[in-house]
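What follows is a short report on a single structure.
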Amino acid sequence: MHCLLALVTAVAGIGQTYAQAGVTVNVASSLQQIDGFGVSQAFGRAAEFRDMLSGDPQRQGLDYLFNTTTGAGLTIIRNRIGSGNDASDSILPKSPGGPTAAANYTFDDDDRGQVWFSQQAMKYGVSTIYADAWSAPGFMKTNNNENNGGYLCGTPGHTCSSGDWRQAYADFLVQYVKYYNARGIPITQLGFLNEPDYVTSYSSMQSGANEASSFIPILAASLEKDGLSNVSLTCCDAMGWNSQKSITQGLVSAGMEKYLKYITSHMYSSDPNSVISTNLKTWQTEAADLQSRWCATWYSAGGQCEGFTWASKIHNGLANANLSAYIYWQGVEVNQFQASSYLVASDGETVTPSGRLWAFAMWSRFVRPGAYRVSTSGSVSSTGITAFKNVDGSVVVVFLNSGGSQQSVKVSFADFTPATAEAYVTDNSRSVALVEATLAEGTVTALVPSRGMLTVKLTSDI
């Protein structure tokens with residue numbers, strides 16, 4: 001039986017089309033499970049989003065991030081656990097006097113806009129909320145400052161005259177989770193470090209595997225004591241993949257895998273491009289272009305702000321590092337056109353998505369939490385391929401063509417018989433646009449645009 005299942009005719013890409021290439025998706029195979037894709041609005045960006053945008057622009061910004069029809073359909077948010085000296089940036093801004101003294105916790109019900117942002121995300125169905133601390137409060141650290149590095153007092157080799165603050169820091173983190181839970185915002189992942197291999201003038205705390213291993217069991221026990229063992233622990237959000245690999249080796253040797261659920265990393269010093277040796281899931285928890293001014297470009301010359309560049313990074317992370325999640329730094333920013341460290345820009349009235357947003361959308365809108373990546377066989381010239389099976393049984397195949405010519409692909413399936421197919425492309429002229437896909441005798445044929453992406457979603461009658 002032969003049927004045309006899309007309503008929009010594909011536009012020929014730049015250059016010639018090579019001979020049709022065949023790919024087989026092995027649907028019964030299972031590689032890593034996918035938890036999702038996401039953003040942060042840390043350091044007050046959530047409050048700016050809420051307060052500087054209103055009405056339609058605010059709703060459009062949220063739609064671009066989370067809507068599964070008109071936006072990227074993101075499914076993870078990463079919140080910062082503040083550690084500052086005032087109640088707007090910490091639930092414990094003042095020292096109680098010692099590590100065993102009663103802590104005078106306080107919560108302003110705002111958390112620099114992150115309560116609002118979490119609530120908005122949940123309205124779109126987001127249920128994965130990662131809370132991560134950049135630092136312990138300064139009075140718990142060797143340098144008595146939340147900034148400029150320093151170690152947690154009581155970790156190996158780091159004693160303080162004020163005492164051992166490890167249990168107090170664990171209690172601090174648990175209390176933060178409890179505040180959110182009490183407001184109907186369940187924290188699902190909890191991290192206690194951010195870039196522990198980097199000392200900087202803002203919130204930061206140093207740690208290696210030894211220091212982390214001395215704290216992780218304490219934090220795990222504290223969560224369990226308070227009935228929060230369902231909260232998954234992460235470590236360690238290092239500056240780059242290679243650094244996190246080294247830290248993870250130490251964590252594994254120390255037996256920390258039994259306490260943790262996720263190994264987490266950033267990409268600033270090295271991208272995720274190979275598998276970390278661990279039984280745990282791995283997440284890329286912060287990534288951004290920190291060099292460029294704002295640009296919305298999909299592809300021009302391979303610049304760091306371009307959407308195609310980020311599509312390549314996401315593909316490599318999923319295909320070569322077996323990532324279960326990929327999180328960009330910021331979602332929406334207002335009047336910050338000096339940077340491309342976020343996905344959606346606004347001047348207060350107009351809201352503009354970037355090519356980077358649409359790169360995320362080509363996976364996130366279609367590959368939903370709980371999906372498994374599955375293996376493929378066959379190759380397409382200059383084209384990366386990832387395939388997934390969703391919890392609802394649908395199958396998604398994503399193509400990324402780095403070449404100057406469009407590619408014709410014919411996709412067949414093992415252990416799956418497609419009944420419907422939809423195809424979407426993103427390139428310099430289209431953003432997640434519906435195009436033609438031909439389904440005949442269990443195979444689907446479509447075109448991958450040059451320096452562009454094709455995502456095909458298929459469903460079965462079974």
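Hydrogens, waters and symmetry mates play no part in the numbers below; they use all other heavy atoms, side chains included.
With respect to D237 and R78, a salt bridge is recorded, a charged nitrogen being found less than 4.0 Å from a carboxylate O. For the pair R50 and D110, the salt-bridge criterion is met [side-chain N within less than 4.0 Å of a carboxylate O]. A salt bridge links R80 to D89: one of the charged nitrogens lies within less than 4.0 Å of a carboxylate oxygen. Contact check on D427 versus R430 returns a salt bridge, with a Lys/Arg side-chain nitrogen under 4.0 Å from an Asp/Glu carboxylate oxygen.
The one candidate from T188, T234, T285, N79 that meets the side chain to side chain donor-acceptor pair (under 3.5 Å) condition with Y130 is T234. The residue from Q114, E333, Q330 that alone fulfils the side chain to side chain donor-acceptor pair (under 3.5 Å) condition with R45 is E333. Exactly one residue among L74, I76, I77 makes a side chain to side chain contact (heavy atoms under 4.5 Å, CB included) with T128. That residue is I76. Of the listed residues (W294, W329, Y328), just one forms a ring pair (Phe, Tyr, Trp, His ring centres under 6.0 Å) with Y342, and that residue is W294.
Judged purely by distance below 3.5 Å, without hydrogens or angles, the side chains of D171 and Y105 never pair a donor atom with an acceptor atom. With 3.5 Å as the limit, one finds a donor-acceptor pair spanning the side chains of S274 and K245. Side-chain contact, R373 with N322: a donor N or O sits under 3.5 Å from an acceptor N or O.
The two atoms that bring N147 and S204 nearest to each other are C-OG, 4.0 Å, heavy atoms only. Here the shortest heavy-atom pairing between P196 and C236 reads CD-O, 3.2 Å. Residues R112 and A46 share a closest heavy-atom pair of O-CB, 3.7 Å. For L223 against V231, the heavy-atom pair with the smallest separation is CD1-O, 4.2 Å. Closest non-hydrogen pair, G348 versus S346, comes out as N-OG, 3.0 Å. In terms of heavy atoms, L290 sits closest to S341 at CD2-CB, 4.0 Å.
Expressed to the nearest 0.5 Å, how far NE2 of H158 lies from CD of E211 amounts to 4.0 Å. Note that OH of Y372 is 4.0 Å distant from CD of Q33, once rounded to the nearest 0.5 Å. Separating the CD1 atom in I187 from the CD1 atom in I81 is a distance of 7.5 Å, to the nearest 0.5 Å. One finds the OG atom of S402 at 12.0 Å from the CE atom of M453 (value rounded to the nearest 0.5 Å). Atom CD of Q167 sits about 6.0 Å away from atom CD1 of I218, to the nearest 0.5 Å. Residue S354 holds its OG atom at 11.5 Å from CD of E306, rounded to the nearest 0.5 Å.
Remark: E349 CD is loosely packed, at most 12 non-hydrogen atoms of other residues, nucleotides or ligands lying under 6.0 Å away. Remark: D56 CG is loosely packed, at most 12 non-hydrogen atoms of other residues, nucleotides or ligands lying under 6.0 Å away. Residue N104 qualifies as open at atom CG: its count of foreign heavy atoms under 6.0 Å is 12 or below.
Within the 4.5 Å cutoff, side-chain heavy atoms of L318 are placed close to those of F388. Using a 4.5 Å cut-off on side-chain heavy atoms (C-beta onward), Y124 and L65 make no contact. The shortest side-chain heavy-atom distance between V351 and D63 does not fall under the 4.5 Å cut-off. Taking the side chain as every heavy atom from C-beta outward, M267 and Q244 never approach each other to under 4.5 Å. For the pair W358/P353, a side-chain contact is recorded, criterion being any heavy-atom separation below 4.5 Å from C-beta on. Inter-residue side-chain proximity for P217 and M256 is flagged as met; some heavy-atom pair is nearer than 4.5 Å. Taking the side chain as every heavy atom from C-beta outward, S324 and D35 approach each other to under 4.5 Å. The shortest side-chain heavy-atom distance between W134 and D132 falls under the 4.5 Å cut-off.
The aromatic rings of W283 and Y262 sit tilted, their planes meeting at an angle between 30° and 60°. Aromatic ring orientation, Y179 versus F107: parallel (interplanar angle below 30°, classes split at 30° and 60°). Ring pair F66/F117 is tilted by interplanar angle, where 30° to 60° counts as tilted. Below 30°, between 30° and 60°, or above 60°: for F215 and F192 the angle between ring planes is between 30° and 60°, a tilted geometry.
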Start with the C-alpha distance between E257 and T278, add both sets of side-chain angles, then the distance that settles side chain to side chain donor-acceptor pair (under 3.5 Å), and finish with yes or no. CA-CA 8 Å; E257 285 180 303; T278 177; 2.7 Å; yes
Could you walk me through whether Q336 and Q338 pass side chain to side chain donor-acceptor pair (under 3.5 Å), step by step? CA-CA 5 Å; Q336 297 290 332; Q338 79 283 358; 2.7 Å; yes
Under the side chain to side chain donor-acceptor pair (under 3.5 Å) rule, what do S203 and E146 come out as? Steps first, then yes or no, please. CA-CA 5 Å; S203 304; E146 69 148 339; 2.7 Å; yes
Kindly determine whether V115 and D109 satisfy side-chain contact (heavy atoms from CB on, under 4.5 Å), including the steps that lead there. CA-CA 7 Å; V115 170; D109 283 304; 5.9 Å; no
Y176 vs F172, test: ring pair (Phe, Tyr, Trp, His ring centres under 6.0 Å). Steps then yes/no. CA-CA 6 Å; Y176 182 91; F172 168 86; 7.6 Å; no
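For N390 (side chain) and R368 (main-chain N/O), a donor-acceptor pair under 3.5 Å exists by modelled atom type.
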